[in-house]
2 protein chains.
Amino acid sequence: MTLSDATGLLRGAGLRVTEPRRAVLEALEGLPHASADAIHAQVVRTLPDVSLQTVYNVLRDLTGSGLTRSIEPGDHPARYELRVGDNHHHLVCTRCSAIVDVDCVVGHAPCLTPNESHGFVLNEAEVTFWGLCLDCQAAVGLASDPVPSTH
Amino acid sequence: MTLSDATGLLRGAGLRVTEPRRAVLEALEGLPHASADAIHAQVVRTLPDVSLQTVYNVLRDLTGSGLTRSIEPGDHPARYELRVGDNHHHLVCTRCSAIVDVDCVVGHAPCLTPNESHGFVLNEAEVTFWGLCLDCQAAVGLASDPVPSTH
DNA sequence: GCGATTCATTTGAATGATTCAAAAAAAGCG
DNA sequence: CGCTTTTTTTGAATCATTCAAATGAATCGC
């Protein structure tokens, strides 16, 4: 993300342009699905005085303005992403917490309409797929079966 | 839930039968989707000395044994339910946090298979529907439009 | 460009859900 | 009934997140 991209996004959202805000946007480009803590760690590499509290403030404002989206998988700390407005979903690794995006299945909006809505007016269907990522499959395989079996 | 039901469930799961454990099972029958705190409040009505810590311990053990399931919608505290093993999903009210069950759409397992699994081996698809429950629709309507419009 | 006003950031502390740890009590086995 | 293992209690710790007051910076009108 270029400096002017971030500036334009902030202006467009009616937010003041500040260094911490630009830095958080830039960090999120390189670290999709990062936690506040991880974003902070990245931001302080260029702006050493930015506090974690500021990162929380910035993420609150960005999310409130629709520039970022927060996801809260299970009991993990919240993660943030730049990809907004396309209602995509997530794969979460149960072992290492890696997260990757998955597009919503197109054609029949599969999960947006439950059988019975019990009178609820729905505005979002959130889908989280839990499983083992490739790396963790390998790691678990090694741990439980260090010598590849030939059977 | 009768006393012998709870006892049988615990025995069947290989867990020792204790009063707090039976009381938590009974509480969950009357309070589906209750938080640890809410379960505790119910349990102490019959067993005043049971601590919140014990409720957490019990819920950990019950969930570990498959007698209960925990759900963690967004940043809400965890909720617990007796209904296990049928992979149902939940409607959560964004205003009052009410939760109701919805069955998985039958016939085509809609959400269990994303388009691309990115190499993940999946073992669960969790679907959370966010919206306004009936009561909160009424309450919001009243607040924003106290005199029903005739237009 | 400059100053006033509004909004952002910092610092330090508080909160709330949950977990850890050690000691006391109870469950289940023989 | 007594022994061993597991559970419960008590009290404190942890972690992500939020609150609040004071300082500092960004924008608007001139």
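Source: prediction; values computed, not measured.
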Spacing of CZ belonging to A:F129 relative to CD1 belonging to A:I99, to within rounding of 0.5 Å: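 Answer rounded to 0.5 Å: 14.0 Å.
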Under-4.0 Å side-chain N/O to phosphate OP1/OP2 contact, B:T18 with D:dT8: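 So the side-chain polar atoms of B:T18 do come within 4.0 Å of the phosphate oxygens OP1 or OP2 of D:dT8, strictly under.
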Below 4.0 Å: OP1/OP2 of D:dT9 and any side-chain N or O of B:T54: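 Yes, such a contact exists.
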Sugar-phosphate, base or nothing in reach of B:D49, heavy atoms under 4.0 Å: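 Result for B:D49 = sugar-phosphate.
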Sugar-phosphate, base or nothing in reach of B:R60, heavy atoms under 4.0 Å: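 Nothing: the residue B:R60, judged by heavy atoms under 4.0 Å, touches no strand.
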Between [options], which nucleotide gets closest to the side-chain atoms of [X]?
X	options	value
A:Y56	D:dA16, C:dT18, C:dT10	D:dA16
A:Q53	C:dA17, D:dT17, D:dC19	D:dC19
A:R11	D:dA16, C:dT9, D:dT27	D:dT27

Expressed in angstrom and rounded to an integer, what is the separation of [X] atom [atom1] from [N] atom [atom2]?
X	N	atom1	atom2	answer
A:D75	D:dA16	CG	P	11 Å
B:H40	D:dT9	NE2	C1'	11 Å
B:R79	C:dA17	CZ	P	11 Å
B:L52	C:dT18	CG	P	9 Å
A:R22	C:dA8	CZ	C1'	14 Å
A:H76	C:dT19	NE2	P	13 Å
A:E72	C:dA17	CD	P	15 Å
B:N57	C:dA24	CG	C1'	15 Å

B:V127 reachable from A:I71 in the ILVMFWY side-chain graph, under 4.5 Å edges: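 Not linked; separate clusters.
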Upstream residue (5' side of DNA chain D) when B:G14 and A:L15 are each assigned their closest nucleotide: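 Residue closer to the 5' terminus by nearest nucleotide: B:G14.
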B:L59 backbone acceptor or donor facing B:T63 side chain under 3.5 Å: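 Yes, because the side chain of B:T63 sits within donor-acceptor range (under 3.5 Å) of the backbone of B:L59.
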Heavy-atom side-chain contact between A:L134 and B:F120 under 4.5 Å: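 No, too far: nothing below the 4.5 Å cut-off.
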Polar pair under 3.5 Å, donor/acceptor by atom type, side chain A:R16, base C:dT6: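 Present.
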Pair A:D101-A:H88, side-chain donor/acceptor within less than 3.5 Å: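 Note: A:D101 and A:H88 side chains meet the donor-acceptor criterion.
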B:A36 or B:E19, whichever maps to the more 5' nucleotide of DNA chain C: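 This one resolves to B:A36.
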